[in-house]
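None of these values were measured; they are calculated from a predicted model.
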Amino acid sequence: MKHTTFGIGLGLALAVSLPSLPALAKTIDIAIGHQSMCTDTYTAGIVVKELGLLEKNLPKDGAYADVDYNITWADYSSGGPITNQMLANKLNIGVMGDYPLIVNGAKFQATDSLRTLYIAGTGYNLKGSGNAVVVPVDSDIYSLDQLKGKSVSTPVGSAAWGMLLKAMQDAGITEEVSLKNQSPAVGAANIAAGKIDAHSDFCPWSEIMEFRGTGRKIYDGSEAGVPYLHGVVVRQDFAEEYPEVITAFLKAVIEAGKWIEENPSEAVDLMEKWTGVEKEVLYIYFSNGGHLTLDPTIKDKWVEALKFDHTVLVKEKAIPPLDFDAWITEDYIKAAYADLGMDYDADKTSVVDPEVANAGLPAEIWHSRDGILKYESYPEFLKAVADFQGTGAKLNATYVYDKATGLKLFGKTAYFVLAEDGSYETFLRKPDAEAYAAEVKGELIDLPTAVAAFIPTE
């Protein structure tokens with residue numbers, strides 16, 4: 001990996017002034033591209049912006065004593081446009097997903113002199129969940145191979161686009177699917193209207209469609225077998241001129257993650273106000289057991305995943321070469337950790353596997369008045385849902401876990417299996433549920449059917 005040597009050479013020009021006039025302060029412009037509709041960028045985007053965490057951490061003494069900061073935030077629907085604006089020198093810092101990250105590095109390296117550096121992560125899901133392929137809720141399509149001869153839309157250049165390319169390559173259907181470029185909002189609208197056979201998108205769009213009752217997952221990123229991650233890139237010229245500014249930005253990223261982890265219910269409530277994404281959807285990402293592990297370290301496994309993602313795009317002839325050693329540096333994030341008195345190596349070596357970490361976590365009901373309620377067993381959970389329905393209580397959402405991967409799911413979208421011994425398990429994918437039902441001589445049911453068994457009979 002590349003290691004940049006920090007120095008005092010910030011290139012701060014001395015202000016020229018007349019003897020009778022005070023020196024003029026230097027202004028440093030910091031332009032950041034983020035995505036308010038991509039949950040995995042929030043700790044380097046909307047949370048930092050709204051809580052003023054960058055302003056809090058920016059250097060204000062020494063060489064920066066007389067500096068004024070002009071901070072601007074630009075919101076984009078996917079990572080591709082952020083790279084274009086960075087190439088045009090209109091953005092210094094960009095936050096984006098795995099495939100857009102490597103496209104960013106490769107596009108810059110394809111120029112004569114411009115370069116970016118990959119300096120930190122924001123969050124990850126080891127199983128790869130976050131991207132998904134969704135069909136209209138009433139569609140008769142339940143698996144990827146059923147997309148042969150169908151039209152699938154995706155934001156081309158996004159993390160979901162990269163996942164879709166790999167999924168189609170694995171299934172051998174690349175030449176048999178009509179791929180269309182559609183933004184997340186357009187794709188979601190077309191799913192709701194039944195105008196497209198399927199749509200591939202990144203977090204949290206598939207859960208938005210599930211929550212609103214317009215779409216149903218047929219393929220989750222966890223099936224691709226590659227970790228799902230997002231991160232931060234910076235123009236190298238800017239980072240080398242103002243290294244302390246970049247360290248300050250990453251300290252803000254760390255603090256944003258800690259703020260979410262300390263009180264996820266409060267955090268998702270505020271993030272709903274900032275982004276318009278329903279808090280019930282955000283909870284599936286940011287709660288205990290949620291999809292995202294908020295971790296800015298650059299793990300060896302992430303580098304391996306990014307290198308693999310690059311090979312996927314090479315097969316599609318959609319990317320130039322990328323020198324990963326020249327592109328990746330841990331110096332800035334290590335400096336941020338050191339300033340905060342934190343142990344970088346300890347966090348770097350820690351990897352959260354949902355299948356292990358979420359084993360035994362309670363099912364949850366989000367009661368509109370009483371908040372998040374937890375239940376240690378599925379019978380207790382189902383009885384509580386039945387009782388609440390009997391009183392007419394409003395339930396915002398319910399949450400269960402996929403037995404196969406440990407991933408958190410909406411109860412209403414999960415496949416329940418009632419085993420012969422009366423126990424229950426829940427699944428993300430119908431084929432997994434069917435296989436388990438056959439194994440335990442059980443019955444495949446949905447949430448309403450499972451709840452019905454706990455409704456008192458007179």
*Asks:* If we ignore hydrogens and angles and just use 3.5 Å, is the side chain of N57 paired with the main-chain N or O of L53 as donor and acceptor?
*Replies:*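 Pair found, side chain donor or acceptor close to backbone of L53.
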*Asks:* Quick one: are L144 and E223 in side-chain contact, heavy atoms under 4.5 Å?
*Replies:*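 Of all side-chain heavy-atom pairs linking E223 with L144, none is under 4.5 Å.
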*Asks:* Please find the pair of heavy atoms, one from F202 and one from P184, that lie closest to each other, and give the distance.
*Replies:*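 Distance-wise, the nearest heavy atoms are CZ-CG, 3.7 Å.
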*Asks:* Mark yes or no: K412 above the aromatic ring of F211, with NZ or CZ under 6.0 Å from the six-membered ring centre and no more than 45 degrees from the axis.
*Replies:*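 Yes, K412 and F211 form such a contact.
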*Asks:* Hey, could you give me the OG1/CG distance between T247 and D331, rounded to the nearest 0.5 Å?
*Replies:*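 Atom-to-atom, T247:OG1 and D331:CG are 9.0 Å apart.
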*Asks:* Report yes or no: is the cationic atom of K408 (NZ for Lys, CZ for Arg) under 6.0 Å from the centre of the six-membered ring of Y399, at an angle within 45° of the ring normal?
*Replies:*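 Satisfied, under 6.0 Å and within 45°.
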*Asks:* Roughly how far, to the nearest 0.5 Å, is CG of D145 from NZ of K148?
*Replies:*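 It is 6.5 Å, given to the nearest 0.5 Å.
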*Asks:* Are there more than 12 heavy atoms of other residues, nucleotides or ligands under 6.0 Å from atom CG of N288?
*Replies:*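 Incorrect, the count does not exceed 12.
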*Asks:* Would you check if the distance from the ring center of Y424 to the ring center of F381 is below 6.0 Å?
*Replies:*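 No: the rings miss the under 6.0 Å criterion.
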*Asks:* I93 and I246: side chain to side chain contact (heavy atoms under 4.5 Å, CB included), yes or no, with the steps?
*Replies:* CA-CA 9 Å; I93 300 170; I246 299 306; 4.0 Å; yes
*Asks:* Do we get K49 above W274's six-membered ring, with its NZ or CZ under 6.0 Å from the centre and within 45° of the axis?
*Replies:*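 Relative to the ring axis of W274, which defines the angle, K49 lies outside at least one limit.
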*Asks:* Any idea which heavy atoms bring A256 and T43 closest together, and the distance?
*Replies:*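 Nearest heavy atoms, A256 then T43: CB-O, 3.4 Å.
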*Asks:* How about L126 and P354: do any of their side-chain heavy atoms sit closer than 4.5 Å?
*Replies:*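 A side-chain contact exists here, since the closest heavy-atom pair is under 4.5 Å.
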*Asks:* Heavy atoms, side chains only, cut-off 4.5 Å: are I82 and L91 in contact?
*Replies:*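 In contact.
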*Asks:* Specify whether Y344 and Y337 have parallel, tilted or perpendicular ring planes, treating 30° as the upper limit for parallel and 60° as the lower limit for perpendicular.
*Replies:*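 The rings of Y344 and Y337 stand perpendicular, inter-plane angle above 60°.
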*Asks:* To the nearest 0.5 angstrom, please state how far the NE2 atom of H291 sits from the CG atom of L409.
*Replies:*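 Between H291 NE2 and L409 CG, I get 7.0 Å after rounding to 0.5 Å.
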*Asks:* Are side-chain heavy atoms of M271 and V277 found at a separation under 4.5 Å?
*Replies:*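 They are not in side-chain contact.
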*Asks:* Would you sort out whether D323 and Q109 count as a side-chain hydrogen bond (donor to acceptor under 3.5 Å, both in side chains), showing the intermediate values?
*Replies:* CA-CA 8 Å; D323 181 344; Q109 287 186 8; 5.5 Å; no
*Asks:* Measure the spacing between OH of Y219 and CG of L164 and express it to the nearest 0.5 Å.
*Replies:*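 Reported to 0.5 Å precision, the distance equals 9.0 Å.
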*Asks:* Between D309 and L313, is there a side-chain heavy-atom distance shorter than 4.5 Å?
*Replies:*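 The answer is no; the side chains never approach within 4.5 Å.
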*Asks:* Just by modelled atom types, is the A346 backbone N or O under 3.5 Å from a matching donor or acceptor in the S350 side chain?
*Replies:*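 No, S350 side chain to A346 backbone: no donor-acceptor pair under 3.5 Å.
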*Asks:* Salt bridge or not for K127 and E355, using N-O below 4.0 Å?
*Replies:*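 A salt bridge links K127 with E355.
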*Asks:* Keeping E272 on the side-chain end and K279 on the backbone end, is there a donor-acceptor pair under 3.5 Å?
*Replies:*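 Looks like yes, one N/O pair under 3.5 Å.
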*Asks:* Show me, pair by pair, the donor-acceptor contacts under 3.5 angstrom made by side chains of residues 433-448, not counting sequence neighbours?
*Replies:*
| residue | atom | partner | partner atom | Å |
| --- | --- | --- | --- | --- |
| D446 | OD1 | T449 | N | 3.0 |
| D446 | OD1 | T449 | OG1 | 2.6 |

*Asks:* How about NZ on K217, more than 12 heavy atoms from neighbouring residues, nucleotides or ligands closer than 6.0 Å, or not?
*Replies:*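 More than 12 heavy atoms, drawn from other residues, nucleotides or ligands, come within 6.0 Å of this atom.
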*Asks:* Is the side chain of T41 donor-acceptor paired with the backbone N or O of C38 at a distance under 3.5 Å, no angle test?
*Replies:*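 Present.
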*Asks:* Taking all non-hydrogen atoms of both residues into account, name the closest pair between I46 and H34 and its distance.
*Replies:*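 So the minimum-distance heavy-atom pair works out to N-ND1, 3.8 Å.
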*Asks:* Has the side chain of R216 got a donor or acceptor atom that lies under 3.5 Å from a matching backbone atom of E210?
*Replies:*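 No, R216 side chain to E210 backbone: no donor-acceptor pair under 3.5 Å.
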*Asks:* Less than 4.5 Å apart, any side-chain heavy atom of I102 and any of F324?
*Replies:*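 Sidechains of F324 and I102: in contact.
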*Asks:* Between S222 and L407, is any pair of side-chain heavy atoms under 4.5 Å apart?
*Replies:*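 In short, these two side chains touch, coming nearer than 4.5 Å.
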*Asks:* Mark yes or no for whether S368, through its side chain, and K394, through its backbone, hold a donor-acceptor pair below 3.5 Å.
*Replies:*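 Side chain of S368 to backbone of K394: a pair is present.
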*Asks:* For residues V134 and I191, report the shortest heavy-atom separation together with the two atoms involved.
*Replies:*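 Taking every non-hydrogen atom into account, O-CD1, 3.5 Å.
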*Asks:* Donor-acceptor pair, distance only, cut-off 3.5 Å: does the side chain of S139 make one with the backbone of V135?
*Replies:*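 Looks like no, no N/O pair under 3.5 Å.
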*Asks:* Measuring from atom OG of S151 to atom NZ of K180, what distance do you get when rounded to the nearest 0.5 angstrom?
*Replies:*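 The OG atom of S151 sits 4.5 Å away from the NZ atom of K180.
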*Asks:* Run the salt-bridge test on K348 and D295 with the 4.0 Å N-O cut-off and return the result as yes or no.
*Replies:*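 Result for this pair is no, no salt bridge flagged.
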*Asks:* Would you check if the side chain of T293 reaches a backbone N or O of G123 as a donor-acceptor pair within less than 3.5 Å?
*Replies:*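 Checking the backbone N and O of G123 against the side chain of T293, no donor-acceptor pair under 3.5 Å is found.
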*Asks:* With K383 as the cation and F454 as the aromatic partner, state whether NZ or CZ is under 6.0 Å from the six-membered ring centre and within 45° of the axis.
*Replies:*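 Checked: cation-pi criterion not met.
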*Asks:* How close do P155 and S200 get, heavy atom to heavy atom, and via which atoms?
*Replies:*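 Scanning both residues completely, I find the closest heavy atoms to be CD-O, 3.3 Å.
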*Asks:* Assess the residue pair M96 and Y76 against the criterion (side chain to side chain contact (heavy atoms under 4.5 Å, CB included)); give the C-alpha distance rounded to whole Å, side-chain angles, the decisive distance to 0.1 Å, and a yes or no.
*Replies:* CA-CA 10 Å; M96 59 191 75; Y76 296 89; over 6 Å; no
*Asks:* Under 3.5 Å, side chain of H199 to main-chain N/O of P136, donor-acceptor pair present?
*Replies:*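 Pair absent, no side-chain N/O of H199 close to backbone of P136.
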*Asks:* Is any side-chain heavy atom of F388 closer than 4.5 Å to one of V385?
*Replies:*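 Not in contact.
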*Asks:* Taking everything shown except K195 itself, do over 12 heavy atoms lie less than 6.0 Å from its NZ?
*Replies:*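 Not buried by this count: 12 neighbours or fewer within 6.0 Å.
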*Asks:* Ring centres under 6.0 Å, that's the criterion: do Y99 and W161 meet it?
*Replies:*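 Between Y99 and W161, the centre distance exceeds or equals 6.0 Å.
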*Asks:* Can V133 and M163 be said to form a side chain to side chain contact (heavy atoms under 4.5 Å, CB included), step by step?
*Replies:* CA-CA 9 Å; V133 180; M163 179 214 68; 3.8 Å; yes
*Asks:* Set out, in order, the CA-CA distance, both residues' side-chain angles and the distance that settles salt bridge (Lys or Arg N to Asp or Glu O under 4.0 Å) for E278 and R212, then state yes or no.
*Replies:* CA-CA 10 Å; E278 293 91 336; R212 296 176 182 175; 2.8 Å; yes
*Asks:* Is it true that D220 and R429 make a salt bridge, defined as a side-chain N closer than 4.0 Å to a carboxylate O?
*Replies:*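 Salt bridge absent between D220 and R429.
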*Asks:* For the pair T174 and V177, evaluate side chain to side chain contact (heavy atoms under 4.5 Å, CB included) and give the outcome as yes or no after the intermediate values.
*Replies:* CA-CA 6 Å; T174 303; V177 173; over 6 Å; no
*Asks:* Please check this pair: side chain of D402 against backbone of L428, looking for a donor-acceptor N/O pair closer than 3.5 Å.
*Replies:*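 A pair under 3.5 Å: yes.
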*Asks:* With rounding to the nearest 0.5 Å, note down the distance linking OG1 in T154 to CG in N181.
*Replies:*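 Rounded to the nearest 0.5 Å, the OG1-CG separation comes out at 8.0 Å.
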*Asks:* Check step by step if side-chain hydrogen bond (donor to acceptor under 3.5 Å, both in side chains) holds for T297 and D347.
*Replies:* CA-CA 7 Å; T297 64; D347 280 1; over 6 Å; no
*Asks:* Write down the atom of Y42, the atom of Q35, and the distance for their closest heavy-atom approach.
*Replies:*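 That would be CE1-O, 3.8 Å.
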